[in-house]
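Every chain is numbered from 1 and lettered A, B, ... according to where its sequence line falls, protein lines coming before strand lines.
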2 protein chains.
Amino acid sequence: MPDGNPKKPSRIQTRNRSVILDAALEVFSRHGYRGATLDQIATEAGLSKPNILYYFEGKEDIHVTLLSKLMETWLDPLVALQSDGDPAEEILGYVQRKLDMARDLPRESRLFAGEILQGAPRMGPHLETDLRPLFDEKCALIQGWVDTGRLPPLDPQHLIFSIWSATQHYADFDAQVKVLLGQGSDPHKRASAHLRSMFGNMLRI
Amino acid sequence: MPDGNPKKPSRIQTRNRSVILDAALEVFSRHGYRGATLDQIATEAGLSKPNILYYFEGKEDIHVTLLSKLMETWLDPLVALQSDGDPAEEILGYVQRKLDMARDLPRESRLFAGEILQGAPRMGPHLETDLRPLFDEKCALIQGWVDTGRLPPLDPQHLIFSIWSATQHYADFDAQVKVLLGQGSDPHKRASAHLRSMFGNMLRI
DNA sequence: TCGTGTATTTACCAAATGGTAAAATTTCAC
DNA sequence: GTGAAATTTTACCATTTGGTAAATACACGA
């Protein structure tokens, strides 16, 4: 049994757990938790169903593991929002990082979106524990910039919401975006320019 | 059989179909298509499962009916975006209508979001047929305002995406928003002020 | 009130799905 | 190479779930 005990995992274990999680990310992000089946995940992973249940306790275990690992990655860009340089450029850099992330990790974005959309049934605690403190910290940072006149008056909480929604939109609503944009010139570049303009305007004193 | 034939529906039919659709909206929007069960919908509607299958051909029929009816409602605010008054105020009015809609019809917003998130498997055609033409028309309208100098240079397509994402975020990611805002002063009002400021800034010449 | 079409319930079914037991196979330290 | 442990497969099972058939109850115009 690979789980529970403190022994270090074998090479096979490490590889297979990672293969399974990647397959599960693919399937869960496309069909949602309920819509995904263990058979689909098994096929995608190139393993048999009982075999994946050898590495994970069950469907929910896979999903939760995925969400936990994802949370780190997901918060990275926000963690990187520091009080180093020019406030406006700091925030615009954050916007850019989030947008790049939506392009590079669309499956992760959709997995997250699906979970929240359904009321975060398997992630509620994580939100309180991991996201909330970081969110509060960065809101305070931005509020500080406002208070010291380095940014115009604005609402840090809703600013962050706008950044999240505007950037993740391109991953989460990809199906719609594709239909509406047709095949135009480098959508990512145009989105980036638009967002830089929009948020840039609002951050200018 | 209530379906297919051209007879006008009885009072009971009208009432029950509407009761079922409302229950289905509740269940589908909370759990997604696959996550929802006919039993849940039946319970929510106060009817038996075979009874709802007397009014609809099956689970998918209910879902598709729901999405079709929703599409109208959903596009209304965009239809109302006309070339009447001041361009900036027209667009800000649209933002406000969309935000109000996210507050008043969160279930509809989540149903729509869930469908798009999964690649619009049951709504692809509708997007091309209903949404695309309207989107193109309104983009042209906005582009016209830009070309005649009544709006600063901006990207109409991505502007609309930003409006959609920023407003619907409050309905679709409600679970997250609730956790992060705690209980503050009238979130809707603050969101409204923030969005008016953000988009107002960008629309000013 | 009677009879006919409408509406609802009861009793099912087949497929899908998450999961398990145990046998068979492979890996690897010695 | 050998044996024990890890890994994988085969053969299942119980539950859930979308859906159906047929019997029953009901509404309502004549």
Is the shortest side-chain N to carboxylate O distance from A:R107 to A:D22 below 4.0 Å? yes
Does B:S48 put a side-chain nitrogen or oxygen below 4.0 Å from OP1 or OP2 of C:dT8? no
OP1 or OP2 of D:dT20 sitting under 4.0 Å from any side-chain N/O of B:Y54? no
Can a salt bridge be assigned to the pair B:D172 and B:R110 using a cut-off of 4.0 Å between side-chain N and carboxylate O? no
Could a donor-acceptor pair under 3.5 angstrom be found where the side chain of B:K59 meets the base of D:dG19? no
Check the pair B:D186, B:R190 against salt bridge (Lys or Arg N to Asp or Glu O under 4.0 Å), reporting the backbone distance first and the verdict last. CA-CA 7 Å; B:D186 201 344; B:R190 283 184 58 186; over 6 Å; no
Are A:E89 and A:R196 ion-paired here, with the side-chain N under 4.0 Å from a carboxylate O? yes
Which residues, if any, of residues 28-39 of chain A bring a heavy atom under 4.0 Å of DNA chain C? A:A36, A:T37, A:L38
Starting from the 5' end of DNA chain D, give me the residue, A:K49 or B:K49, whose nearest nucleotide shows up first. A:K49
Is any side-chain N or O of A:N51 closer than 4.0 Å to OP1 or OP2 of D:dT7? no
Length of the CD1-C1' vector between A:I52 and C:dT20, whole Å: 14 Å
cation_pi(B:K69, B:W74) dist<6.0 Å, angle<=45: no
Side-chain contact, heavy-atom cut-off 4.5 Å: B:I41 with B:E26? no
Has A:Q13 got a side-chain N or O lying under 4.0 Å from the OP1 or OP2 atom of D:dA6? no
A:I41 has an atom CD1; how far is it from atom C1' of C:dT17, in whole Å? 12 Å
B:Y55 has an atom OH; how far is it from atom C1' of D:dG18, in whole Å? 20 Å
Just how far, in rounded Å, is C1' of D:dG18 from CD of B:Q40? 13 Å
Regarding A:K59 and the six-membered ring of A:Y33, is the cationic atom NZ or CZ under 6.0 Å from the ring centre and inside 45° of its axis? yes
Looking at A:H194, is its backbone amide N or carbonyl O close enough to the side chain of B:H158 to form a donor-acceptor pair, meaning the two atoms are under 3.5 Å apart? no
Tabulate atom names and distances for all N/O pairs under 3.5 angstrom spanning the protein and nucleotides 21-29 of chain D.
| unit_1 | atom_1 | unit_2 | atom_2 | d |
| --- | --- | --- | --- | --- |
| D:dC28 | OP1 | B:R11 | NH2 | 3.2 |

Side chain of B:L53 only, please: which of D:dT20, C:dT9, D:dT8 is the nearest? D:dT20
Check whether NZ of the Lys or CZ of the Arg B:R17 lies under 6.0 Å from the centre of the six-membered ring of B:F56 and within 45 degrees of that ring's axis. yes
